[in-house]
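Since we're looking at a predicted model, the values are computed, not measured. Note on naming: letters A, B, ... go to the chains in the order of the sequence lines (proteins, then strands), and numbering restarts at 1 for each one.
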2 protein chains.
Amino acid sequence: MRKEILRRNTRQREIILEELRKVKSHPAANEVFRIVRRRIPNISFSTVYRNLNLLRDDGYVLELTCGKYSCRYDGTVSNHYHFYCLKCKRVFDIEGPVLKDMDKGVSKKTNFKVIYHRMDFYGYCKGCK
Amino acid sequence: MRKEILRRNTRQREIILEELRKVKSHPAANEVFRIVRRRIPNISFSTVYRNLNLLRDDGYVLELTCGKYSCRYDGTVSNHYHFYCLKCKRVFDIEGPVLKDMDKGVSKKTNFKVIYHRMDFYGYCKGCK
DNA sequence: TTAATTGCAAAACTTTTGCAACGCT
DNA sequence: AGCGTTGCAAAAGTTTTGCAATTAA
């Protein structure tokens, strides 16, 4: 990916990316902070935020937006979908094929460049329905 | 849609919904505030926020999450997808068939009750790519 | 050396909440 | 009357920024 400004390799950024790639969830910035602090106890919140923005700009992580507050970050390329229970508010992973064709279809239809998509199902889980 | 608590009709909520249905863009809460204030000059910010939440709970508007700050609101509830430009942050409606079959597929696979889904495409719009 | 990066604190910004007054029903 | 709603101000939560000190290249 294109870098607009020279980047220096720092332990902080390295470890943030490393941890983000390890985890299967999509942690919010404050959760990334909590995770990374286990390895760099005195890392600051702003360092985490700044590096998440740099990693996003450089294409190393995806920035997902899913709440009123808080972005979530995805260190993996492989996509999967989510199911949100309207009652108990839990979030479940949905296994199964990701519709990559949709991206091409939307690209053709709109003449936009589609990078990825997300799909969220809403309803009631086994215990709540 | 189901209302959990009795709602009273107020001029503020009425006008917020009215304006939201007029506009083709997907305004953030502060933009809704700006628009509505033209008709109710002394309306407060918190009234706008509270009513956007109520209208969302009652199914009258869609709450789109698309930035670090700020949700955006859509006065058209009928099913359609959205495209988010990663650069200019604008939101576009995607016309075209909604994949109702997916709901059934996920229902079968998970044994959850799927009510609806949303699909969000991310990338760069015509002017930004 | 030099300029990107860090940690800290404060600022900026969005959204929620507590409360007395107001106004639907 | 009863209680949902409003407007105001303050609080809460997330993200950014200013700055001196570090540190990678």
Side-chain angles (χ1 to χ4, degrees), chain A residues 1-20 26-58 60-74 89, chain B residues 1-20 26-58 60-73 84 86 89 91:
Chain A
M1 293 280 164
R2 188 179 313 147
K3 295 175 184 53
E4 311 254 340
I5 301 172
L6 178 73
R7 299 270 184 262
R8 291 178 183 168
N9 294 329
T10 66
R11 183 157 170 268
Q12 286 88 340
R13 182 153 59 244
E14 225 163 63
I15 289 183
I16 288 170
L17 181 55
E18 218 174 279
E19 292 297 327
L20 219 35
H26 304 309
N30 57 2
E31 298 167 321
V32 175
F33 173 66
R34 209 169 30 73
I35 292 169
V36 170
R37 201 170 39 170
R38 293 200 293 252
R39 296 180 58 186
I40 313 177
N42 71 324
I43 195 172
S44 74
F45 228 99
S46 57
T47 296
V48 172
Y49 271 105
R50 272 188 282 233
N51 278 311
L52 287 173
N53 284 345
L54 295 182
L55 289 168
R56 179 248 288 132
D57 290 345
D58 294 346
Y60 292 113
V61 307
L62 288 181
E63 182 182 86
L64 310 175
T65 67
C66 45
K68 286 226 166 170
Y69 297 129
S70 88
C71 282
R72 292 177 168 276
Y73 294 88
D74 191 342
K89 308 296 180 191
Chain B
M1 296 278 163
R2 188 178 312 147
K3 295 174 183 54
E4 311 255 340
I5 300 172
L6 179 71
R7 299 268 184 263
R8 292 177 182 169
N9 295 329
T10 65
R11 183 158 170 268
Q12 286 88 340
R13 182 150 61 245
E14 223 164 65
I15 289 182
I16 288 170
L17 182 55
E18 219 175 279
E19 293 296 326
L20 219 34
H26 304 84
N30 58 1
E31 298 167 320
V32 176
F33 174 67
R34 209 168 31 72
I35 293 169
V36 170
R37 200 169 40 170
R38 294 201 291 252
R39 294 179 59 185
I40 313 177
N42 71 324
I43 195 172
S44 75
F45 228 99
S46 57
T47 296
V48 171
Y49 271 104
R50 273 188 282 233
N51 278 310
L52 287 173
N53 285 344
L54 295 181
L55 290 168
R56 180 248 288 132
D57 290 345
D58 294 347
Y60 291 115
V61 306
L62 287 181
E63 182 180 85
L64 312 175
T65 66
C66 47
K68 288 227 164 167
Y69 298 129
S70 88
C71 282
R72 292 176 168 275
Y73 293 90
Y84 298 80
L86 296 169
K89 309 299 182 189
V91 186

Rounded to the nearest angstrom, tell me the gap between atom CZ in B:Arg13 and atom P in C:dC24. 12 Å
Separation of C:dA4 P from A:Asn51 CG (nearest whole Å): 14 Å
Are the side chains of A:Tyr60 and A:Leu20 in contact, using a 4.5 Å heavy-atom criterion? no
Atom pair CD/CZ of B:Glu31 and B:Arg34 - distance to nearest 0.5 Å: 6.0 Å
Would you say A:Asn53 places a side-chain N or O within less than 4.0 Å of OP1 or OP2 belonging to D:dT16? yes
Got a second to check how far B:Arg8's CZ is from B:Arg13's CZ, nearest 0.5 Å? 10.5 Å
Scan side-chain atoms only and decide if B:Arg56 and B:Asn53 contain a donor-acceptor pair under the 3.5 Å cut-off. yes
Any A:Asn30 side-chain N or O less than 4.0 Å from OP1/OP2 of D:dT14: yes
Rounded to the nearest angstrom, tell me the gap between atom CD in A:Glu63 and atom C1' in D:dT15. 10 Å
Flag, side chain of B:Arg7 to backbone of B:Leu55, donor-acceptor distance under 3.5 Å: no
Rounded to the nearest angstrom, tell me the gap between atom CZ in A:Phe33 and atom P in D:dT14. 12 Å
Neighbours of DNA chain D within residues 36-46 of chain B, by heavy-atom distance under 4.0 Å: B:Asn42, B:Ile43, B:Ser44, B:Ser46
A:Arg34 CZ to D:dT14 C1': how many Å, rounded? 16 Å
Is there side-chain contact between A:Val32 and A:Glu19, with at least one heavy-atom pair below 4.5 Å? no
Roughly, in whole Å, what's the span from CD1 in B:Ile15 to C1' in D:dT5? 15 Å
Measure CG/B:Leu54 against P/C:dT16 and give the value in whole Å, please. 11 Å
Verify the contact: side-chain N or O of B:Gln12 to OP1 or OP2 of C:dG23, cut-off strictly under 4.0 Å; return yes or no. no
Atom CG of A:Asp57 and atom P of C:dT5: how far apart are they, to the nearest Å? 11 Å
Let me have a per-nucleotide readout for nucleotides 19-25 of chain D, 5' to 3', with B, S or -, counting only protein heavy atoms under 4.0 Å. ----BBS
So, is A:Tyr49 close to the D:dT15 phosphate, meaning a side-chain N or O under 4.0 Å from OP1 or OP2? yes
Rounded to the nearest 0.5 Å, what separation is found between the CZ atom of B:Arg39 and the CD1 atom of B:Ile16? 11.0 Å
Tell me, do A:Glu63 and A:Leu52 make a side-chain contact under 4.5 Å, heavy atoms counted? no
Out of curiosity, B:Asn51 CG to B:Tyr73 OH, how far, rounded to the nearest 0.5 Å? 11.0 Å
